[in-house]
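Both backbone and side-chain heavy atoms feed into the values below; hydrogens, waters and symmetry mates do not. Letters A, B, ... are given to chains in the order of the sequence lines, protein chains preceding strands, and every chain is numbered from 1.
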2 protein chains.
Amino acid sequence: MPGYDKYAFEPFAVTVDLAVLTLRAGALHVLLVERGQEPYLGHWALPGGFVLPDESAETAARRELAEETGLADVSGLHLEQLRTYSEPGRDPRMRVVSVAFAALLPDAPEPHGGGDAAQARWLPYDGTEPLAFDHDRILADAHDRVGAKLEYTCLATAFCPPEFTLGELQQVYETVWGTGLDRPNFRRKVLATPGFVEPVPGGAARLTGGRGKPAALYRAGTATTLHPPLLRPPREGRSA
Amino acid sequence: MPGYDKYAFEPFAVTVDLAVLTLRAGALHVLLVERGQEPYLGHWALPGGFVLPDESAETAARRELAEETGLADVSGLHLEQLRTYSEPGRDPRMRVVSVAFAALLPDAPEPHGGGDAAQARWLPYDGTEPLAFDHDRILADAHDRVGAKLEYTCLATAFCPPEFTLGELQQVYETVWGTGLDRPNFRRKVLATPGFVEPVPGGAARLTGGRGKPAALYRAGTATTLHPPLLRPPREGRSA
DNA sequence: AGGTTTATAGTCGGTACGACTATTAAAGGG
DNA sequence: CCCTTTAATAGTCGTACCGACTATAAACCT
């Protein structure tokens with residue numbers, strides 16, 4: 001290693017942790033794996049793994065995403081770096097620095113333990129999961145980040161299939177934020193934002209399994225940011 | 001290392017890189033160090049260094065910040081993790097994963113090479129600096145992040161001394177965004193946001209060295225977020 | 001004193017958004 | 001087959017907020 005004193009630094013293990021979020025039946029779900037060894041044996045944890053020698057953290061994250069979800073093609077999925085967790089004691093065995101990512105998926109099938117032996121499952125997110133290591137904090141940070149980015153980006157479409165209704169898009173906001181939104185106002189706002197969604201030409205209704213008037217279908221537009229933003233309703237609970 | 005196969009991972013060097021920003025004479029400046037060895041000998045680079053065995057990245061960043069600026073107390077300065085850069089080839093010597101931070105300072109004295117031998121200097125930021133490694137990208141990301149956070153947080157006060165005028169606060173926005181703002185409107189917006197700033201009781205003027213009516217002094221308030229946000233004027237240059 | 005400079009106060013019109021009502025198009029039940 | 005139910009879509013109204021602009025106040029300079 002020319003140029004570096006070989007004792008000037010401590011070598012670390014570098015891993016990625018993934019907060020994989022999706023909407024299932026109107027509720028926010030997160031992909032978790034059950035730990036098969038100590039520490040935290042039997043606890044739920046975020047999927048993740050080591051960064052390989054020739055990988056960037058982003059590459060490793062996408063590889064892990066494919067392995068853990070069992071999906072054939074994860075190239076189109078939204079993957080976003082959250083931040084890096086590096087507290088000295090966060091893994092009792094050794095010094096591990098973990099780069100955390102959030103991944104957003106349309107409703108996906110139950111994973112059948114792709115690469116890893118440990119079982120992976122979708123579990124509903126309620127903000128109070130006790131997870132292994134500092135993973136509950138990572139998950140909470142992921143939720144915060146996604147909720148904030150819904151306000152000023154077009155990120156919500158990452159939770160939707162290629163063609164979706166405005167009602168489904170609204171469900172994304174309501175589920176992530178945990179609030180209700182007025183339907184006509186939401187519709188007006190989304191349609192008034194150029195490039196957020198564009199109508200599917202012949203898009204009458206999807207195969208109508210439901211009651212009521214079938215909704216028109218839309219695709220994600222080309223815009224990435226919302227100007228002006230779509231602000232979530234201010235919390236009533238002003239603490240005194 | 002119980003529980004880990006000792007060959008399951010590659011050890012990495014973990015460093016922190018700092019984009020230290022300040023306002024000097026109405027222009028955005030960044031703290032840079034001149035490299036004293038290959039690679040990039042003689043190039044400007046962001047200050048930074050290795051994360052020590054018992055440090056988190058945040059702790060290492062604040063230590064480096066103190067060393068490089070030469071400031072006695074950096075505990076009150078705003079320090080924010082940007083993201084982690086981990087491309088395999090970003091340092092030609094070895095595998096280095098770097099956690100990048102942005103630090104915001106009120107106008108600070110010229111650093112006199114605190115801990116490191118390499119000279120550190122404030123240089124004006126114009127967005128086109130060719131820096132060592134991928135530091136120009138880190139710096140651009142820092143600028144983007146700070147500009148975005150000015151919109152929906154009270155971050156601007158981190159660039160100001162403990163007591164400041166509204167004109168100085170406006171200068172922060174104008175300098176970071178590179179746009180002009182209407183002074184009465186800016187004033188109305190800031191004062192209408194509860195907790196953004198609070199007036200200094202006996203705060204007439206600062207030692208008035210300037211011409212014109214002396215401005216009232218304010219301190220940073222307790223609020224951290226701006227609801228509704230203070231949006232930057234939309235860019236006119238809609239590319240075709 | 002008069003003019004310059006900068007801070008502060010106030011006005012006015014347009015846009016956007018929250019709350020609400022009305023209409024339309026499907027499914028289902030008697 | 002009509003009538004109810006359900007959900008999507010259309011439209012209205014008042015207000016908060018924001019951009020653009022004008023007016024006043026308080027310092028300094030010559």
Side-chain angles (χ1 to χ4, degrees), chain A residues 26 150-152 160 163-174 177 179-200 202-218 223 225-236, chain B residues 26 150-152 160 163-174 177 179-200 202-218 223 225-236:
Chain A
L150 288 188
E151 289 195 324
Y152 55 95
C160 295
E163 298 190 345
F164 53 87
T165 69
L166 293 185
E168 290 169 343
L169 189 66
Q170 183 176 346
Q171 270 260 328
V172 174
Y173 281 88
E174 293 182 330
W177 286 350
T179 64
L181 297 175
D182 180 83
R183 195 189 287 264
N185 290 340
F186 178 83
R187 173 188 189 78
R188 171 180 48 175
K189 174 66 182 175
V190 170
L191 294 181
T193 303
F196 193 175
V197 299
E198 49 189 30
V200 173
R206 200 189 321 242
L207 310 219
T208 89
R211 297 168 297 212
K213 178 174 175 178
L217 288 177
Y218 294 84
T225 60
L226 254 46
H227 263 284
L230 200 160
L231 298 178
R232 81 186 93 184
R235 289 226 162 277
E236 293 303 325
Chain B
L150 288 188
E151 290 194 323
Y152 55 95
C160 295
E163 298 189 345
F164 51 87
T165 68
L166 292 185
E168 290 169 342
L169 189 65
Q170 183 175 347
Q171 270 258 328
V172 173
Y173 280 88
E174 293 181 332
W177 286 350
T179 63
L181 297 175
D182 181 82
R183 195 189 289 264
N185 290 341
F186 178 83
R187 171 188 192 78
R188 173 180 48 174
K189 173 67 182 176
V190 170
L191 294 182
T193 302
F196 193 175
V197 298
E198 49 190 31
V200 172
R206 199 187 324 241
L207 312 217
T208 89
R211 299 165 298 208
K213 177 176 175 177
L217 288 179
Y218 294 84
T225 59
L226 254 48
H227 263 283
L230 191 115
L231 298 177
R232 80 187 93 185
R235 290 226 161 278
E236 294 303 324

Of all the heavy-atom pairs spanning [X] and [Y], show the shortest one and how long it is.
X: A/E151; Y: B/H227; answer: OE2-CE1, 4.2 Å
X: A/A223; Y: A/P194; answer: CB-O, 3.6 Å
X: A/V190; Y: A/V197; answer: CG1-CG2, 3.7 Å
X: A/Q170; Y: A/L181; answer: NE2-O, 2.8 Å

*Indicate yes or no: at least one non-hydrogen side-chain atom of A/F164 is less than 4.5 angstrom from one of A/Q171.*
no

*Taking the side chain as every heavy atom from C-beta outward, state whether B/T165 and B/P214 have any atom pair closer than 4.5 Å.*
no

Rounded to whole angstrom units, what separation is found between the [atom1] atom of [X] and the [atom2] atom of [N]?
X: B/L169; N: C/dA7; atom1: CG; atom2: P; value: 13 Å
X: B/L231; N: C/dT15; atom1: CG; atom2: P; value: 17 Å
X: A/Q171; N: D/dA7; atom1: CD; atom2: C1'; value: 13 Å
X: A/F164; N: D/dA8; atom1: CZ; atom2: P; value: 15 Å
X: A/K213; N: C/dA22; atom1: NZ; atom2: C1'; value: 12 Å

*In degrees rounded to 10°, what angle is found between the helical axes fit to the five outermost pairs at each end of the helix from C/dA1-D/dT30 to C/dG30-D/dC1?*
10°

*In residues 189-199 of chain A, what residues come within less than 4.0 Å of DNA chain D, judged by heavy atoms?*
none

*Starting at NZ of B/K189, measure out to CG of B/D182 and round the result to the nearest 0.5 Å.*
14.5 Å

_CH2-CG distance between A/W177 and A/L230, expressed to the nearest 0.5 angstrom_ = 5.0 Å

*Does OP1 or OP2 of C/dT6 have a side-chain N or O of B/R211 closer than 4.0 Å?*
yes

*In residues 181-188 of chain A, what residues come within less than 4.0 Å of DNA chain C, judged by heavy atoms?*
A/D182, A/P184, A/N185, A/R188

_I'd like to know if the side chain of A/Y218 reaches the main chain of A/L166, judged simply by a donor and an acceptor atom lying under 3.5 Å from each other, with no hydrogens or angles considered._
no

*Is the side chain of B/E168 donor-acceptor paired with the backbone N or O of B/C160 at a distance under 3.5 Å, no angle test?*
no

